[in-house]
Amino acid sequence: SLSTGSVALLSLFKGEKDITKSDYTSLFFCLIALMLWPLTKTPLYSVIVISIIDFVALYPTIRKSYKNPNEENLFSFIVFGSTTLLSLFALNEYNILTLLYPLTIIIADYSLALVLILRRKQLGYKIFA
């Protein structure tokens, strides 16, 4: 939480300034989902809500990554997706409750990595610069 909060705080001063209406829409839906999260009374609903929040919040990053593929760290998305994938082997039980959130992270990270690879290739940049 501390590292995520630090990144969020730094982004206010040094972050991207090209904020679109769709970015605000994503933020709005994430905030609505965050307000609903405490109202969920079961772990499954909580995992569903937080997975939706993460997926909706992914849109602005994909938009920015498509526009400026060299401004994102491809290696970090591959590593985070891979470590989350490996963490699946540490689970004691496999069910929707234990798999949904890690699968959301894996799909998000690998999707972003794919966008970065394809756009860098399309624009003639080095894939791993």
Side-chain angles (χ1 to χ4, degrees):
S1 295
L2 183 62
S3 65
T4 302
S6 299
V7 169
L9 188 63
L10 283 171
S11 71
L12 293 174
F13 302 103
K14 298 188 179 263
E16 184 73 29
K17 302 299 183 218
D18 180 25
I19 300 170
T20 66
K21 187 182 268 190
S22 63
D23 294 336
Y24 285 114
T25 303
S26 293
L27 176 62
F28 173 76
F29 282 112
C30 286
L31 292 174
I32 294 294
L34 275 173
M35 288 187 277
L36 293 175
W37 189 20
L39 302 176
T40 60
K41 299 297 182 197
T42 66
L44 178 59
Y45 292 143
S46 294
V47 170
I48 290 170
V49 169
I50 199 67
S51 296
I52 291 169
I53 292 169
D54 270 14
F55 240 83
V56 171
L58 181 67
Y59 172 75
T61 306
I62 287 180
R63 185 185 64 78
K64 180 185 176 287
S65 297
Y66 185 84
K67 185 177 175 187
N68 301 309
N70 278 344
E71 291 183 7
E72 295 292 340
N73 188 329
L74 171 60
F75 184 71
S76 68
F77 290 113
I78 292 171
V79 168
F80 293 144
S82 299
T83 56
T84 306
L85 180 63
L86 289 173
S87 75
L88 295 179
F89 295 104
L91 294 174
N92 291 326
E93 190 176 330
Y94 295 95
N95 56 50
I96 190 73
L97 186 61
T98 61
L99 290 173
L100 182 60
Y101 187 70
L103 289 175
T104 300
I105 298 301
I106 293 164
I107 292 167
D109 284 342
Y110 285 161
S111 296
L112 271 166
L114 185 61
V115 166
L116 292 172
I117 289 167
L118 294 175
R119 277 299 281 173
R120 287 177 183 184
K121 215 172 179 182
Q122 185 180 43
L123 296 174
Y125 298 145
K126 289 181 181 178
I127 292 177
F128 289 99

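Side chains included, hydrogens not; waters and symmetry mates left out as well; all remaining heavy atoms used.
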Q: Please check this pair: side chain of Y94 against backbone of L88, looking for a donor-acceptor N/O pair closer than 3.5 Å.
A: yes
Q: Measure the shortest side-chain to side-chain distance between V49 and L39 over non-hydrogen atoms and say whether it is less than 4.5 angstrom.
A: no
Q: Does Y66 share a hydrophobic cluster with I107, counting links as ILVMFWY side-chain heavy atoms below 4.5 Å and allowing steps through other members?
A: no
Q: Which atom pair, heavy atoms only, marks the closest approach of S46 to T40?
A: OG-OG1, 2.7 Å
Q: Do the side chains of I53 and I50 get nearer than 4.5 Å, heavy atoms only?
A: yes
Q: Do you reckon I106 sits in the same ILVMFWY cluster as I78, going by side-chain contacts under 4.5 Å, direct or chained?
A: no
Q: Would I48 and I105 show up in the same hydrophobic cluster when neighbours are defined by side-chain heavy atoms closer than 4.5 Å?
A: yes
Q: Stepwise, does the side chain to side chain contact (heavy atoms under 4.5 Å, CB included) test hold for L91 with L99?
A: CA-CA 9 Å; L91 294 174; L99 290 173; 3.8 Å; yes
Q: To check you understand the geometry: which heavy-atom pair defines the closest contact between S65 and L116, and what is its length?
A: CB-CD2, 3.7 Å
Q: Can you confirm whether F80 is buried at CZ, in the sense that more than 12 heavy atoms of other residues, nucleotides or ligands lie under 6.0 Å from that atom?
A: no
Q: Is there a path of hydrophobic side-chain contacts, each under 4.5 Å between heavy atoms of I/L/V/M/F/W/Y residues, joining I117 to L58?
A: yes
Q: Determine the minimum heavy-atom distance between N73 and F75, stating which atoms define it.
A: OD1-N, 3.1 Å
Q: So which atom in A57 and which in P60 form the shortest heavy-atom distance, rounded to 0.1 Å?
A: O-CD, 3.2 Å
Q: How far does CG of N95 sit from CG of L44, to the nearest 0.5 angstrom?
A: 8.5 Å
Q: So if you build clusters from Ile, Leu, Val, Met, Phe, Trp, Tyr with side-chain heavy-atom gaps below 4.5 Å, do L97 and L100 land together?
A: yes
Q: Between F55 and I52, is any pair of side-chain heavy atoms under 4.5 Å apart?
A: no
Q: Go through it in stages, so that I can follow the logic: the residues are T25 and Y59, the test is side chain to side chain contact (heavy atoms under 4.5 Å, CB included), and I'd like the CA-CA distance, side-chain angles, deciding distance and then a yes or no.
A: CA-CA 10 Å; T25 303; Y59 172 75; over 6 Å; no
Q: With rounding to the nearest 0.5 Å, note down the distance linking CD1 in I127 to CG in L118.
A: 8.5 Å
Q: Would you check if Y101 and D54 make a side-chain contact, meaning some heavy-atom pair closer than 4.5 Å?
A: yes
Q: Can you see whether Y125 has R120 sitting over its ring - NZ or CZ less than 6.0 Å from the centre and within 45° of the normal?
A: no
Q: If we only count heavy atoms from C-beta on, is the E72 to L112 side-chain gap below 4.5 Å?
A: no
Q: Can you see which heavy atom on G81 is nearest to which on D109, and at what distance?
A: N-OD2, 3.3 Å
